[in-house]
Amino acid sequence: MSQSAAENKKPSYKKTLNLPKTSFPMKANLVQNEPASLKRWSKGKLYDALKEERAGTDFAGGRFVFHDGPPYANGSIHLGHMLNKCLKDFVVRSKVMEGMSCEYVPGWDCHGLPIEHKVMQELSESGKLAKLQGLEEGARRMAVRRECKKYAEKFIKVQRVQMERLMTLADYDNPYLTMVPSYEGAVVEVFAELVERGVVYRQLKSVHWSIANETALADAELEYYDREDISVYVDFEAADAGAVYDAFGLTGEARPDQTPCFMIWTTTPWTLAANLGIAVHPRFEYVLARVDGNYTVLAEGLLEKVTKQAGAEEVEIIAKAKGEALLELRYKHPMRDAAPALAELPKVAVRHAEEGRCYRVIAAEYVTLEDGTGLVHTAPGHGSDDYITGVREKLPIYCPVNGDGTYDGTVPEKYTGMSVWDANEKVTEDLRTSGHLFYSHKFMHSYPHDWRGKTPVIFRATEQWFITVDDKAVGRSDSLREMALSATAEGVRFVPDWGRNRMRGMLESRPDWCISRQRSWGLPIPAFYDGEGKVLLTAASVRAIAKLFREEGSDAWFTMEPADLLKHYDWGDAPEGFDRATMRTGHDIFDVWFESGSSWNAVMRERSGGRDYPIDLYLEGSDQHRGWFQLSLLPALGATGVAPFKTVLTHGFMVDKNGQKMSKSLGNTLDVEDLVKEFGADVCRWWLATISYEGDIKSDHDFFRTAGEAYRKVRNTIRFMLSNLDDFTPSPPPPTPGKDCTSGEGMCVAMRDYPAESIDAWVLGEFDKMNSAVREAYGAYNFRGATELLYNFCNDTLSAVYLAAVKDRLYCDRIDSARRRLTQSTLWDLTDGITRLLAVVLPHTADEAARALRKGEDVCVHRMTFVDSFGAPCNENWSKAIDARDAALKALEDVRAKGELDNPLDAGIAMPDPEGVLAVFDAVDLADLMGVSRVTLGGADVEVQDLRGEARCERSWKRDGTVRERSDGGMLSDRDAGAVGV
RNA sequence: GGGCCUGUAGCUCAGCUGGUUAGAGCGCACCCCUGAUAAGGGUGAGGUCACAGGUUCGAAUCCUGUCAGGCCCA
């Protein structure tokens, strides 16, 4: 008590210090303050202003063409959207800060089943659907389309607000939407190019088919219910017994004198009428077995199960062979003498087919040993796998079933007109009678049903539109697949590089692209059919529709008469004999991937008259290798001959902290809006910038907290610099070096006037290195590297080293001393440079700081560019000084650990300097750098001196050897006495 | 089942074409400062590089397999 009373009598110097002062708060309050930034930018038309000025000659930074992939206009954005949009924003902002022109036109994918499905459900629940059933088809489709459009618009609005809240700098006032007329027209124009190239064709394909509604269904329209069916094991007699025995290596005496059978299994006996092949797994082991006197072939692994189930009494394995050995063996169809002749089948069923390929054993990898016999009955017209196998094996896509579920006239007469459901029993019965049935039983299983009618669905081949990937395009010597593979191999850059492998693998194995869907909510495929079923779809007719869609929108397809739809068509290339009188429109719409896959044309070529093509960068999740990337590449190559993108960048998927996928049902998701509300967009963005996005991205609520702490560290460093610039204005002209500045004169020091030995020159040099490294990292899309550099610079170079060292002169020097002004000048430049670098990741905070730096001037950091190198002359020995600092700190820590000296200002350091490299520096600078009162050079080892016996300056707390009692009664060092004026 | 990818300190990640005691940040522990203070600084302890084989004088790094996870197919 008495001591403090004594101290009170002494002069207090605290108010004579230049202590930090700033309006830039320590607490960011992002959640409250970010919206104000957004409002300010929006009021200042930031996006438009940037677009305009960067396009001009003042910013000759070049042009970077980025193209946003359209998210689906459905629901709120999730963590994946947040990652995707923010990464895009980092790219765009870093290009803009480099002085480049870089537009970010956001888009939305509007058409498609998920919306239509949801709308149909809502209509169904509200009872409106029943009313629609009474309408004529076109009117009904239009009613659904109107609802879908409203639905899409609603979620575009929702998502837009959410994306803007993430502070992404994009043209949200002018987005591209795949459902607007100009976009639709441009997509159809791409289609016209492909038609002209001859890569568009029509063919049957097996799809889910609702008999009740006579319509094709997508996977999402199926619901699975239990259903009782017949499971049948059927013997298909071999056509050539000798060939089968050869395959099993049986010769002479060893050969049975009976004809063996291939035993297949199916739960849809009605499809046997359309059977064209038997699939085996080439690597599985098969046996020739004698089962109750009959010789039959089936998989070894299923022999016991099947025969036991059927209650066979005598089972004997005669021989074994790999599936591979059975390939190409022939069999006799149990219900018909010959396969349907290709000539009698519709053209669309036989495009890939070759005569005489039916009733063979063929290979398929999907054959399993779970159920059945290991020999899979294959009917290309009635199964998904069967279809693919059929196309590959050049089988016709034979489909003897009408839309109403009855057999047509190509099956044995007794079945014609029969419903397939009735046929199940009848066929089974007939096979039993004819001796082909090995075994049958009824069983319950999960079976797909129409979600609306709850009726069971079947697979049925229907006519679809395709884009061929293997036929050569007209006027070219290569196919789309070949073009795409060569673009993938050479022209396109992939980030990360393995994207190339992934794309190649997918291209190599992909089948022809089925681009048609049988839905309402989409872009119609502009095909017309006459009464005979003849098709009108030519380059010119398609272009005519494209023009019309641009004028009227694709709704016209459902509201206008065919003749009016074709008003821009001159009929020059119409197919011969096409009957215009009976012409009607087709009901197919495009696969939505064709629409989004044409955005390079509908958005990018459209807006720039071709200048912005090909595009510099596509950036999406790694699932888009198969999606948007590939399905943009194919149409673009077909239409323009070049890949639409120069670089493809992919990011991984968000997973939970244990690496498991995130899903609502698992309850391990994080809500974007909640995160933004809790942490603010800048903190979320900081986290996103610091992750390595190439692979899976683990995310957890805690990670955002950690990011918040890192954010605060950076923020505090900036705040500390700002707080030491309160009395500083960087006004020209620069002061004369060495001469003290007075307010009113310029306070800024010109770079060339920096003393090379000053710590300020050193820190500016460090900034230059960091600045160019960060810019390089941004350029390489390495945001993690960039934020790491920035973080370390703020914490290490600045907070721990430089700012700690210059505190003394900032606080204690006379307010206008040359040394202090030099440091302030440096602080100003550092803050300026750092805020510009941070503007990419922390748009709000960087702008807040940039404005605080300029004391309320109405500026915007986002209109600026990165600073160039400061280039202050710097003594090359500074790295040695930093080494010396490390050595000093270590020595101080050792002393402190022994409990000898706690406060470094009570210490001096004796530092060896054998090469004399430290001697060039000011001793006070070195002392400040090491945080001690005094540094002397020389000696053999680093030595800590206890200065507690010397007087301590009551103002600066240093014991620098100049401290003595002054006229005011205080103990002050020379410098402090001067500053106080005593 | 197939293609592509991932698996390094408690956590998030660096570790180039194989070469001395495997690095960083966070967290943690201990300490300092109290004129950046719901701040700042220092020191330190943490790793059988998923597992099992193999190639090599030598492997976190190359090869094979296993396990776990992700995306896309089937």
**Q** Just by distance, no angles: are the side chains of A:Y711 and A:T845 close enough, under 3.5 Å, to form a donor-acceptor pair?
**A** yes
**Q** Is the phosphate of B:rC13 approached by A:S692 (side-chain N or O, under 4.0 Å from OP1 or OP2)?
**A**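 So the side-chain polar atoms of A:S692 do come within 4.0 Å of the phosphate oxygens OP1 or OP2 of B:rC13, strictly under.
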**Q** If you assign A:L798 and A:V801 each to the RNA chain B nucleotide with the nearest heavy atom, which residue ends up on the more 5' nucleotide?
**A** A:L798
**Q** Using OP1 and OP2 only, check whether a side-chain N or O of A:Y366 sits under 4.0 Å from B:rC73.
**A** no
**Q** Looking at A:K807, I'd like to know whether one of its side-chain N or O atoms comes within less than 4.0 Å of OP1 or OP2 on B:rA36.
**A** yes
**Q** What is the distance from CD of A:E365 to C1' of B:rA74, rounded to the nearest Å?
**A**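 The answer, rounded to whole Å, is 10 Å.
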**Q** Is the shortest side-chain N/O distance from A:R719 to OP1 or OP2 of B:rU37 below 4.0 Å?
**A**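 So the side chain of A:R719 is within the cut-off, an N or O lying under 4.0 Å from OP1 or OP2 of B:rU37.
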**Q** Nearest-Å distance, CG (A:N724) to P (B:rA36)?
**A** 9 Å
**Q** To the nearest Å, give me how far apart CG (A:L905) and P (B:rG35) are.
**A**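 The answer, rounded to whole Å, is 12 Å.
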**Q** Report all interatomic pairs (protein N or O, nucleotide N or O of nucleotides 21-25 of chain B) with separations under 3.5 Å.
**A**
none

**Q** Does A:D696 form a salt bridge (Lys or Arg N to Asp or Glu O under 4.0 Å) with A:K698? I'd like the steps, not just the answer.
**A** CA-CA 6 Å; A:D696 302 338; A:K698 289 186 187 172; over 6 Å; no
**Q** Let's see if you can work this out: which of B:rG35, B:rG69, B:rU37 has an atom nearest to the side-chain heavy atoms of A:K14?
**A**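 Out of B:rG35, B:rG69, B:rU37, the nucleotide with an atom closest to A:K14's side chain is B:rG35.
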**Q** Touch check for A:S799, heavy atoms < 4.0 angstrom, all strands: base, sugar-phosphate only, or nothing?
**A** base
**Q** Without decimals, in angstroms, what is the distance between A:K713 NZ and B:rG27 C1'?
**A**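 Nearest whole value for this atom pair: 12 Å.
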**Q** Does a side-chain heavy-atom distance below 4.5 Å link A:M662 with A:L670?
**A**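 Side-chain contact under 4.5 Å: yes.
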**Q** Scan residues 367-380 of chain A for pairs that pass salt bridge (Lys or Arg N to Asp or Glu O under 4.0 Å), counting only residues two or more places apart or in two chains.
**A**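 Checked against salt bridge (Lys or Arg N to Asp or Glu O under 4.0 Å) - neighbours excluded - the pairs reaching residues 367-380 of chain A are A:K305-A:D371.
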**Q** In whole Å, what is the span from the CG atom of A:L803 to the P atom of B:rA39?
**A**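 Going from CG in A:L803 over to P in B:rA39 covers 17 Å.
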**Q** Need one value for A:G652: base, sugar-phosphate or nothing, where a base atom within 4.0 Å counts as base even if backbone is also close, heavy atoms only.
**A**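 No contact.
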**Q** For each nucleotide in nucleotides 29-34 of chain B, reading 5' to 3', give B when a protein heavy atom comes within less than 4.0 Å of its base, S when such contact involves only the sugar-phosphate, and - otherwise.
**A** --SSSS
**Q** Please tell me if the side chains of A:I691 and A:L83 come closer than 4.5 Å, counting only heavy atoms from C-beta onward.
**A** yes
**Q** Expressed as a whole number of angstroms, how long is the span from A:F720:CZ to B:rG41:P?
**A** 10 Å
**Q** Applying ring pair (Phe, Tyr, Trp, His ring centres under 6.0 Å), name anything that partners A:H625, two or more places apart in sequence or on another chain.
**A**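 Residues passing ring pair (Phe, Tyr, Trp, His ring centres under 6.0 Å) with A:H625: A:F629.
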**Q** Is the charged tip of A:R715 near the ring of A:F24: under 6.0 Å from the six-membered ring centre and within 45° of its axis?
**A**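 The answer is yes, since A:R715 meets both limits relative to A:F24.
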**Q** Have a look at B:rG46 and give me syn or anti from its glycosidic angle (syn if within 90° of zero).
**A** syn
**Q** Starting at the 5' end of RNA chain B, which residue's closest nucleotide do you reach first, A:T706 or A:D796?
**A** A:T706
**Q** Whole angstroms only, please: what is the NZ-P distance between A:K657 and B:rC13?
**A**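 Distance check: A:K657 NZ to B:rC13 P gives 15 Å.
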**Q** Under a cut-off of 3.5 Å for both distances of each Watson-Crick or G-U pair, what dot-bracket string does RNA chain B give, using [ ] for crossing pairs and | for inter-strand pairs?
**A** (((((((..((((.....[...)))).(((((.......))))).....(((((..]....)))))))))))).
**Q** Which atom pair, heavy atoms only, marks the closest approach of A:T488 to A:R500?
**A** O-NH1, 2.8 Å
**Q** Going by the side-chain hydrogen bond (donor to acceptor under 3.5 Å, both in side chains) test, name the single residue among A:D808, A:D813, A:D976 that passes it with A:S956.
**A** A:D976
**Q** Hey, what are the protein-to-nucleotides 2-8 of chain B N/O distances that come in under 3.5 Å?
**A**
unit_1	atom_1	unit_2	atom_2	d
B:rG3	N2	A:R502	NE	3.4
B:rG3	N2	A:R502	NH2	3.1

**Q** Distance only, no hydrogens: is a donor on one side chain within 3.5 Å (strictly under) of an acceptor on the other, for A:W957 and A:N903?
**A**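 Not at all, the side chains of A:W957 and A:N903 share no donor-acceptor pair under 3.5 Å.
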**Q** How many Å lie between CZ on A:F629 and P on B:rC72, as a whole number?
**A** 13 Å
